[in-house]
Protein chains: 2
Amino acid sequence: MTIAQVAQRTGLSAHTLRYYERAGLMLEPPPRGDNGHRRYTERDADWIALLTRLRASGMPIAAMRRYAELVRRGQNTYVARKELLEAHRADMIAKIEQLRSDLEIVDYKIDLYSRRIMGEE
Amino acid sequence: MTIAQVAQRTGLSAHTLRYYERAGLMLEPPPRGDNGHRRYTERDADWIALLTRLRASGMPIAAMRRYAELVRRGQNTYVARKELLEAHRADMIAKIEQLRSDLEIVDYKIDLYSRRIMGEE
DNA sequence: CTGGGAGTTAGAGCGCGCTCTAAGTCAAGC
DNA sequence: GCTTGACTTAGAGCGCGCTCTAACTCCCAG
């Protein structure tokens, strides 16, 4: 798979894919074709897809790098990986709670404006 | 109220409060005491508290500025204010949905690691 | 043989939201 | 009088996550 195809598939730009690689997020540098171009494997694509989910849910690049390092180090890092994901999970839950709480205020304000608009016209 | 007191109350730093003012987020520049120091009113503090909620829920500074401008312009901007908040509300809902969806994957992975840890030990 | 298009690299640049620095003023307490 | 501490300003700096540029190689179609 070429970088353009992976970009297409993951929604990331080719620039960003190279940046992720430089940032140490890949499990191993993708193999190269004769012309020196990256030829991503299916496993690479799946891994990048996972990265995008973690990223989308707010995990910082640094944490993703730590996670990638653990995966690279192999089987005896399950506990650490689990802990890392659990920490991220807690962040996600907190963020959801924060949003829910702030949503109340926004809804209240919207409602207030609705009434005022009604009242005026 | 001094800037330090407002900082204390809102959890923002004095630096950030001045930055918000420069960024056009205040309804009006807070009045100054004889010594030239800002003396925030209760209304200022309430407004800043609202700003922190909007900010915490992910509203960009630029949107908060637009909102502040509408509030400054007065009563005939209710519709625009409501629209702005509704747009933000939609962003918040989308973000919650995104988090919920990504949470499934994280939970799945955590569960997977739990099993592997169990299986090994 | 000449574009054009897709890839490569190292490294610069950018937008956001702060965060801090430097240099100054002022008031209170020793 | 002198220090300390809270404030003031304009403007620089920073961390993050991209995003883009410049200069290059390679390959293919016309």
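Chain identifiers are assigned alphabetically (A, B, ...) following the order of the sequence lines, protein sequences preceding nucleic acid strands; residue numbering begins at 1 within each chain.
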Shortest non-hydrogen separation from A/Leu99 to B/Ser57 and the atoms involved
CD2-O, 3.8 Å
Letter by letter from the 5' end, nucleotides 8-21 of chain C scores (B base, S sugar-phosphate only, - none; protein heavy atoms under 4.0 Å) BB-B-----BBBBB
When you measure from the side chain of B/Arg72 to the backbone of B/Met26, do you find a donor-acceptor pair of N or O atoms at a distance under 3.5 Å?
yes
Is the phosphate of C/dA6, meaning OP1 or OP2, less than 4.0 Å from a side-chain N or O of A/Thr2?
no
Short N-O contact, A/Arg115 and A/Asp111, less than 4.0 angstrom
yes
Using the six-membered ring wherever Trp is involved, compare the ring planes of B/Trp47 and B/Tyr67 and label them parallel, tilted or perpendicular (cut-offs 30° and 60°).
parallel
Mind listing the closest non-hydrogen atom pair of B/Ile110 and A/Leu85 along with its distance?
CG1-CB, 3.7 Å
Applying a 4.0 Å non-hydrogen cut-off, can you work out what A/Ala23 is touching in the nucleic acid: base, sugar-phosphate, or nothing?
nothing
